[in-house]
Amino acid sequence: MDDIFSQVREGNAFQVRIWLDNTENDLNQGDDHRFSLLHWASREGRTNIVDMLIQRGARINATNMGDDTALHLAASHGHREIVVMLIHNKANINAINEHGNTPLHYACFWGHDYVAEELVNNGALVGMANKFDETPLDKAKKRLANILKDRAVQLGQDLQKIPFKDRSWLGYKTRSRDALLSRHTGIDIEQLSLTTHMANTHSGEVWRGQWQKNDIVAKILSLRECTVRNSRDFQEEFPRLRIFNHPNILPVLACCNQPPNLVVISQFMPYGSLFNVLHGETGIVVDQNQALRFAIDIARGMEFLHTIEPAIPNLILTSKHVMIDEDLAKINIDDPKYYTPDATINGGIDEDLTARINMGDYRFSFHERGKLYSPAWMSPEALQRRPEDINVKAADMWSFAVLLWELETRVVPHAELSPMEAGMRIAMEGLRLTLPPGMSSHMSRLVKICSNEEPGKRPKFDMIIPILEKLKQK
């Protein structure tokens, strides 16, 4: 079979679906020129594949080596339906490539009238100049230029030319990932450039560094002794953590299996964990809508994990094991303050933050047996019984209820107690979280349902996602 990029270009949706169903395949990887699968599908007009990739979590605003987004390519080739689909999925409508051209520049240059009108109707600016001081109207034929100008005026645009300014230093562009990241499995530890020691945790040392010119986090597992059996089990277990095809799962990229060092390698997330965002000093304001988006992201990720057979064990759901990713979608290019070096991320760029369950926090079968470090998020039965005697999916739902409570209150669950004391009192004394008076009745009811004392009466994730979606719309 040809490579996946050829399958996408040729529109072979069946083969693309089969490829995507393999969790180790990275749908955000790029080819030698960093064209992603979404780039090629958008360029070739493969509407069904574009829809499939978006549903599976393709990065809408990823750029190739020329800084083109998928929207640039769809607009330049006149694929209106795909343009609309990308816009509705938060494509940056005024993204600029290395020449300073926006998607509207290309739609105008190639005479794709309906695409150009669609772009302007959705906020594309007619006055943006590229590196050569040309606006989209300069690229359009007279008739189209007049139509676009009139429409822009109706929409309240200022037709004054917006000079080109290099915004690459803002760092809001996300290149398609190197395909090597998803092809590698075991690598030599000497290939890693570990530069910053981030933390010593109970599970191991955490380092930030680079691999294949990509920012990564490496966790060196803490072990008293790395036996041959440990190394063998590590090699057998870690491939299941390479889940690249879901937007709310953060996969393990690779590992180093070189006793005494067993190392798990993941993508670096600048905001860290959800716990850090909610309770640390990141400067991120998590309003009610963002909290609901995080909840939906986590529920979708868990729903996907629960479809995997056999189930992935030893993955406790807590805010510490959910990472926050960024998808920098839009930049307000009208406001000069966003061009200054002290412009902050929250100042000029509209972030769509995404929650992703971190497979790098999986606890290997040989690692820390019998130890519990986050009992405040665990169900009573998970604290009372052996792992093989509990309903894992129901226990995960209890943990999700605690996360909902945490997102709603912004309080660390049972923070006044030590982990050991919290675990003992939850398991033996019926200690439970108190629903605050200010919590909405809908959310209170959902938390109660998800934390039913009888595991068999707790809902499944596919049942609560629609409820969360409705709450988000209110």
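On a predicted model such as this, the values are computed, not experimentally measured, just so you know.
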How many angstroms lie between CD in Gln290 and CD1 in Ile284, if you round to the nearest 0.5 Å? 8.5 Å
Going through the distances and angles, do Glu24 and Arg242 end up as a salt bridge (Lys or Arg N to Asp or Glu O under 4.0 Å)? CA-CA 5 Å; Glu24 285 201 36; Arg242 291 166 51 77; 3.1 Å; yes
For Glu429, check salt bridge (Lys or Arg N to Asp or Glu O under 4.0 Å) against everything at least two apart and list the hits. Arg425
Listing request: all ring-ring contact (aromatic ring centres under 6.0 Å, His included) pairs with a residue in residues 376-415, at least two apart in sequence or in separate chains. Phe400-Phe461
I need the minimum non-hydrogen distance between Ala13 and Asn48, along with the two atoms involved. CB-ND2, 3.4 Å
Is the closest side-chain donor-acceptor distance between Asn230 and Thr227 under 3.5 Å? yes
Contacts of Lys393 that satisfy side-chain contact (heavy atoms from CB on, under 4.5 Å) - sequence neighbours left out: His306, Glu309, Asn391
Check for me whether Arg208 meets the cation-pi criterion with Phe268, that is, NZ or CZ under 6.0 Å from the six-membered ring centre and within 45 degrees of the ring axis. yes
For residues 378-385, tabulate all N or O donor-acceptor pairs below 3.5 Å that involve a side-chain atom, not counting sequence neighbours.
residue	atom	partner	partner atom	Å
Ser379	OG	Glu381	OE1	3.4
Ser379	OG	Glu381	OE2	3.2
Ser379	OG	Ala382	N	3.2
Glu381	OE1	Arg458	NH2	3.2
Glu381	OE2	Arg458	NH1	2.7
Glu381	OE2	Arg458	NH2	3.4
Gln384	NE2	Ala427	O	2.6

Under-4.0 Å salt bridge between Asp68 and Arg43: no
Could you list the residues that satisfy side-chain contact (heavy atoms from CB on, under 4.5 Å) with Gln258, not counting sequence neighbours? Asp188, Ile189, Cys256
On a heavy-atom basis, the closest approach of Ala95 and Thr69 is CB-CG2, 4.0 Å
Identify the heavy atoms of Met269 and Met323 that sit nearest to each other, and give their distance. CG-CB, 3.9 Å
Under the side-chain contact (heavy atoms from CB on, under 4.5 Å) test, residues paired with Asn257 that sit two or more places apart: Ser231, Phe234, Gln235, Pro259, Leu262
Examine the side chains of Gln210 and Asp215 and answer whether a donor and an acceptor come within less than 3.5 Å of each other. yes
Under 4.0 Å between a Lys/Arg side-chain N and an Asp/Glu carboxylate O for Asp361 and Lys219? yes
Over all atoms of both residues, closest heavy-atom pair of Val264 and Phe364: CG2-CE1, 3.8 Å
